[in-house]
Amino acid sequence: MNRTQLKRSSILRMALAGSETMEQEGHGETFIFRAARIAAVVALYWFVSITMVFLNNYLLDNRDLDAPLFVTFYQCVVTVVLCWLMQLLSRWCPGVIDFPSVKVDLKTCREVLPLSVVFICMITFNNLCLKYVGVAFYTIGRSLSTVFNVLLSYIILRQTTSYRALMCCGVILGGFWLGVDQEGLAGSLSWTGVFFGVLASAFVSLNAIYTKKVMPAVDGNIWKLSFYNNINACVLFMPLILVFGEVGRLISFSRLFDMGFWGMMTLGGVFGFAIGYVTGLQIKFTSPLTHNVSGTAKACAQTVIAVVYNASSKSMLWWTSNMMVLVGSSAYTWVKSLEMKNVPRKEPQDSAEEKLLPGEKGNMAV
């Protein structure tokens with residue numbers, strides 16, 4: 001199979017089905033070449049994901065500009081512009097870049113709108129969590145996505161969860177509460193940040209559920225969905241920015257016309273767009289399970305980097321809480337992957353509604 005002709009939507013289909021396309025595509029290639037390519041892809045994913053988190057923390061922790069909604073709004077604008085540019089490049093260089101044709105369609109915007117409301121809540125609460133808890137505690141603060149996925153899947157979709165998966169969720173919950181306790185004892189706990197982290201985790205799970213419902217409206221294409229989702233988000237953010245008084249803060253911001261500031265803002269949007277691509281790339285060249293293990297290891301490395309960078313001193317129980325969250329999340333992914341292998345694969349005609357990674361996957365990847 002020619003990889004340059006493989007659409008990105010197909011990458012996500014492979015992720016859902018647990019495809020083993022690497023065995024087919026790697027036929028005839030040396031082990032060293034395949035290993036080097038996989039290592040390069042995983043390293044790229046780690047670099048983009050970790051850089052994005054630290055960059056967002058830098059932008060949101062700006063004491064001169066308290067405007068988290070505007071920062072998030074601007075990143076959505078950058079994503080829309082990049083989608084438009086990518087489709088132009090795809091037309092000019094069809095053999096090099098493959099991107100779907102995107103244009104504003106009001107009917108599609110209306111169909112995607114419910115998801116967009118969930119989407120702006122997810123990214124806003126996620127950024128607010130990062131703003132108040134910092135990068136070191138971010139893994140714990142945002143650790144309940146898996147737990148909410150199990151809970152909301154039962155409430156909304158009436159999907160039950162195995163006892164083994166529930167035990168993994170129990171480990172995650174234990175790590176979360178231990179982390180909150182240890183952060184409180186250290187005197188650095190932000191209950192506001194924990195509150196936003198819990199909300200962000202809930203909306204991450206809701207986003208996965210609603211995404212599956214609206215995928216047929218965009219022909220099952222994840223990049224079209226990203227385009228319409230971010231267009232709706234840009235419109236919805238405007239009144240929120242006005243209501244929460246961020247316009248006045250922007251006008252009085254001393255670096256409003258500083259190109260360095262806008263460069264960092266734009267870079268944050270570029271990395272936000274790039275994380276979608278490198279996530280699909282890592283799944284394509286490894287597997288969904290490996291992607292989640294990589295995301296867990298990345299979260300651990302991200303926490304260590306943050307602690308070292310800030311010259312913080314953490315207790316053994318604090319580190320134990322992080323390991324509980326990471327081990328519980330990895331175990332949950334492993335258990336669900338085993339369960340999915342035992343489920344008969346659906347016929348191809350049902351695949352139009354399932355061109356998305358399952359909600360439980362990738363929660364620790366960002």
Side-chain angles (χ1 to χ4, degrees), residues 1-19 21 25 45 48 75-120 122-123 204 206-236 269-270 272-285 288 291 345-359 361-362 365-366:
M1 181 185 296
N2 188 346
R3 288 191 298 274
T4 60
Q5 295 176 350
L6 184 62
K7 294 185 180 296
R8 293 188 180 98
S9 58
S10 299
I11 295 173
L12 295 177
R13 283 201 299 273
M14 288 189 295
L16 179 64
S19 174
T21 55
E25 293 185 359
Y45 168 77
V48 172
Q75 291 179 345
C76 292
V77 172
V78 171
T79 298
V80 171
V81 172
L82 287 174
C83 285
W84 182 75
L85 288 176
M86 287 296 289
Q87 73 155 355
L88 288 182
L89 292 174
S90 180
R91 292 177 185 175
W92 295 338
C93 310
V96 178
I97 298 175
D98 182 23
F99 201 86
S101 176
V102 290
K103 61 180 180 179
V104 179
D105 181 81
L106 293 180
K107 180 177 179 295
T108 305
C109 285
R110 287 195 299 270
E111 292 176 341
V112 177
L113 185 59
L115 172 65
S116 300
V117 173
V118 174
F119 174 72
I120 66 170
M122 178 186 72
I123 58 177
V204 164
L206 280 174
N207 185 73
I209 293 172
Y210 276 92
T211 296
K212 191 172 183 179
K213 291 183 177 181
V214 304
M215 283 300 279
V218 291
D219 303 320
N221 191 290
I222 197 68
W223 291 110
K224 281 187 178 181
L225 180 63
S226 178
F227 176 74
Y228 282 106
N229 220 5
N230 281 277
I231 282 183
N232 284 345
C234 290
V235 175
L236 293 171
V270 170
F273 176 84
I275 190 64
Y277 177 77
V278 296
T279 296
L281 202 63
Q282 180 169 247
I283 293 169
K284 174 185 175 183
F285 287 111
H291 165 67
R345 189 171 297 179
K346 293 185 178 181
E347 296 299 320
Q349 60 263 29
D350 294 332
S351 63
E353 297 179 1
E354 298 185 29
K355 295 178 181 177
L356 180 72
L357 290 173
K361 294 183 177 170
V366 175

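We're numbering straight along the sequence, starting at 1.
Taking every heavy atom of both residues into account, Thr108 and Ala217 meet most closely at CG2-O, 3.9 Å. Val78 and Gly269 get closest at one heavy-atom pair: CG1-C, 3.6 Å.
Shown here are the salt bridge (Lys or Arg N to Asp or Glu O under 4.0 Å) partners of Lys103, two or more places apart in sequence or in another chain: there are none. Residues satisfying the side chain to side chain donor-acceptor pair (under 3.5 Å) test with Thr79, not counting sequence neighbours, are none. Checked against side-chain contact (heavy atoms from CB on, under 4.5 Å), Val214 has the following partners two or more places apart in sequence or in another chain: Leu115, Leu225. Residues forming a side chain to side chain donor-acceptor pair (under 3.5 Å) with Gln282 (at least two apart in sequence, or on another chain): His291, Ser294.
A donor-acceptor distance shorter than 3.5 angstrom exists from the side chain of Asn232 to the backbone of Cys109, with no hydrogens or angles considered. In this structure, the side chain of Thr211 engages the main chain of Asn207 through a donor-acceptor pair within 3.5 Å.
Within the structure, the salt bridge (Lys or Arg N to Asp or Glu O under 4.0 Å) test picks out the following pairs touching residues 220-235 (sequence neighbours left out): Asp219-Lys224.
Each of Leu206, Leu236, Asn230 was evaluated against Phe119; a single residue qualifies, Asn230, per the side-chain contact (heavy atoms from CB on, under 4.5 Å) test.
Under a cut-off of 6.0 angstrom, the local environment of OH in Tyr210 is sparse, with at most 12 non-hydrogen atoms contributed by other residues, nucleotides or ligands.
In this structure, CH2 in Trp223 is found 8.5 Å from OH in Tyr277, a value given to the nearest 0.5 Å. We find the CD-OH distance between Glu111 and Tyr228 to be 9.5 Å, quoted to the nearest 0.5 Å.
Under the 4.5 Å side-chain criterion, counting only non-hydrogen atoms from C-beta, Phe227 is not in contact with Gln87.
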Donor-acceptor contacts under 3.5 Å from residues 88-96 side chains, at least two apart:
{"residue": "Ser90", "atom": "OG", "partner": "Ile97", "partner atom": "O", "Å": "3.3"}
{"residue": "Ser90", "atom": "OG", "partner": "Phe99", "partner atom": "N", "Å": "3.2"}
{"residue": "Ser90", "atom": "OG", "partner": "Phe99", "partner atom": "O", "Å": "3.3"}

Verdict with supporting geometry, Ile123 and Cys76, side chain to side chain contact (heavy atoms under 4.5 Å, CB included): CA-CA 10 Å; Ile123 58 177; Cys76 292; 3.8 Å; yes

